[in-house]
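Note that the numbering runs from 1 along the sequence shown for the chain. These numbers were taken from a predicted model, which means no experiment stands behind them.
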Amino acid sequence: SEEERDINAFAGLTRRAAEQKPDFIIWPETMAPGPTLETDGIRAMAKEQIVYTLDDGREIPVERFYQDLLALQLASGCPLIVGEEAWIKIDFPKLEDGRVAVEPSQRRNSVYVIDAGRVGAARYDKIRLTPFGETIPYLPPAWRDAVSDFAAHGMRLDLAAGTSPTVLTVRRARSGGECRVATPICFEATAADVCRMLVFGNGRERVSVRVVIT
């Protein structure tokens with residue numbers, strides 16, 4: 001399936017990059033297969049025995065890609081900075097046929113740090129969403145539905161914006177110590193006010209590296 005080809009390709013590139021002993025490795029925006037990298041959300045879905053349906057129709061445990069990614073990072077020996085959706089406060093309402101639905105209260109376009117075989121507690125949530133790509137601003141409901149019908153297959157224009165200019169602390173695997181990283185996501189890098197907010201605070205530089213996840 002496309003998801004399996006994606007993660008196999010990225011895993012191969014990650015292993016090749018790790019051979020060069022980098023400080024850390026960066027993955028693109030929302031490219032980790034699976035629904036989310038939120039540890040609590042993955043555990044809750046696994047408890048409900050939720051399965052993830054591949055594009056060829058096969059079903060796998062929802063936690064499989066999450067576990068594969070953690071194992072890949074641990075084997076590589078260096079931290080991964082990964083773009084993925086954050087699913088917040090997932091509910092599992094019962095359906096008439098006895099199954100359950102999976103309904104996050106919010107979905108965000110986010111960046112995580114994976115190190116030591118686990119997902120870090122801190123994440124950056126995209127603050128400035130892309131109009132008509134991630135959200136539909138300033139339109140009445142009927143118009144919003146019409147615009148959604150024209151979205152690319154599988155896109156849902158209902159992401160929630162982040163509220164904090166979170167800086168990620170990343171271990172430097174080769175040179176030692178840690179660095180503080182700002183991670184504007186895609187078109188957010190063109191928003192000067194957002195980038196300034198991520199890089200500077202209280203008149204001081206907050207980060208040593210800016211990584212554009214795209």
Side-chain angles (χ1 to χ4, degrees), residues 7 9-43 63 65-88 106-129 160-214:
I7 196 165
F10 275 80
L13 291 169
T14 298
R15 284 189 286 267
R16 286 172 54 191
E19 292 174 357
Q20 306 303 314
K21 307 298 183 183
D23 277 332
F24 49 82
I25 295 173
I26 304 158
W27 280 34
E29 177 186 12
T30 63
M31 280 306 295
T36 185
L37 287 178
E38 284 295 300
T39 299
D40 289 345
I42 289 290
R43 288 174 177 169
E63 66 272 22
F65 287 132
Y66 170 87
Q67 293 172 343
D68 287 351
L69 187 55
L70 300 190
L72 174 66
Q73 182 281 315
L74 197 59
S76 76
C78 58
L80 300 183
I81 298 176
V82 179
E84 181 57 292
E85 284 192 6
W87 284 19
I88 312 299
Q106 288 187 354
R107 295 166 47 250
R108 299 179 183 178
N109 190 350
S110 303
V111 181
Y112 296 83
V113 176
I114 303 176
D115 197 10
R118 60 180 181 268
V119 178
R123 70 166 191 271
Y124 171 67
D125 299 328
K126 188 176 183 182
I127 294 172
R128 186 70 52 81
L129 298 179
T163 59
S164 175
T166 302
V167 167
L168 301 177
T169 301
V170 185
R171 176 177 64 91
R172 294 194 299 243
R174 179 178 63 182
S175 54
E178 296 176 332
C179 63
R180 293 173 61 78
V181 181
T183 54
I185 298 175
C186 200
F187 286 113
E188 199 172 39
T190 68
D193 59 328
V194 173
C195 291
R196 281 194 297 270
M197 180 169 52
L198 287 169
V199 173
F200 294 97
N202 297 321
R204 300 178 62 184
E205 192 171 65
R206 307 171 67 218
V207 303
S208 54
V209 176
R210 187 179 69 162
V211 171
V212 180
I213 302 292
T214 188

- Arg210 and Pro184 have their tightest heavy-atom pair at CG-CD, 3.7 Å
- Message: As an exercise, state the distance from CD of Glu85 to OG1 of Thr36, rounded to the nearest 0.5 Å.
- Response: 7.5 Å
- Task: Kindly compute the distance separating CD1 (Ile114) from CD (Glu84), expressed to the nearest 0.5 Å.
- Result: 9.5 Å
- Enter the distance from Ser76:OG to Arg16:CZ here, rounded to the nearest 0.5 Å. 15.0 Å
- Query: Rounded to the nearest 0.5 Å, how far does SG of Cys186 lie from CG of Leu129?
  - Reply: 11.5 Å
- Task: Would you check, one step at a time, whether the test salt bridge (charged side-chain N to carboxylate O under 4.0 Å, His left out) holds for Asp193 with Arg128?
- Result: CA-CA 10 Å; Asp193 59 328; Arg128 186 70 52 81; 2.6 Å; yes
- Query: Hey, does Val167 have a side-chain heavy atom less than 4.5 Å from the side chain of Val181?
  - Reply: no
- Item | Side chain proximity check, Lys126 to Val111, heavy atoms < 4.5 angstrom | no
- Please name the pair of heavy atoms, one in Leu198 and one in Thr166, separated by the smallest distance, quoted to 0.1 Å. CD2-O, 4.2 Å
- Task: Report yes or no: does Arg174 contribute a side-chain atom to a donor-acceptor pair with the main-chain N or O of Pro22 at less than 3.5 Å?
- Result: no
- Message: Is it true that, when you exclude Arg118 itself, more than 12 heavy atoms of the residues, nucleotides or ligands shown sit nearer than 6.0 Å to its CZ?
- Response: no
- With sequence neighbours left out, write down each residue that passes side-chain hydrogen bond (donor to acceptor under 3.5 Å, both in side chains) with Glu38, or none if nothing qualifies. Tyr112, Arg123
- Item | Polar contact flag, side-chain donor to acceptor under 3.5 angstrom, Glu29-Asn109 | yes
- Task: Evaluate the side-chain proximity of Val170 to Glu178: yes if any heavy-atom separation is below 4.5 Å, no if none is.
- Result: no
- Task: Report yes if the side chains of Thr214 and Ile185 come closer than 4.5 Å at any heavy-atom pair, otherwise no.
- Result: no
- Would you say Arg15's side chain and Leu72's backbone share a donor-acceptor pair under 3.5 angstrom? no
- State which residues pass side-chain contact (heavy atoms from CB on, under 4.5 Å) with Phe10; sequence neighbours excluded, sorted by chain then number. Trp27, Pro28, Met31
- Message: Main chain of Ser175, side chain of Asp23: is a donor-acceptor contact present, judged purely on distance under 3.5 Å?
- Response: yes
- In Å and rounded to the nearest 0.5 Å, what is the CD1 to CG distance from Ile26 to Leu80? 10.0 Å
- Item | Close side-chain approach of Asp115 and Gln73, heavy atoms under 4.5 Å | yes
- Query: Do the non-hydrogen side-chain atoms of Val211 and Ile213 ever get within less than 4.5 Å of each other?
  - Reply: yes
- About how many Å separate CG of Leu37 and OG1 of Thr30, when rounded to the nearest 0.5 Å? 11.0 Å
- Item | Stepwise side-chain hydrogen bond (donor to acceptor under 3.5 Å, both in side chains) test for Tyr124 and Ser164 | CA-CA 8 Å; Tyr124 171 67; Ser164 175; over 6 Å; no
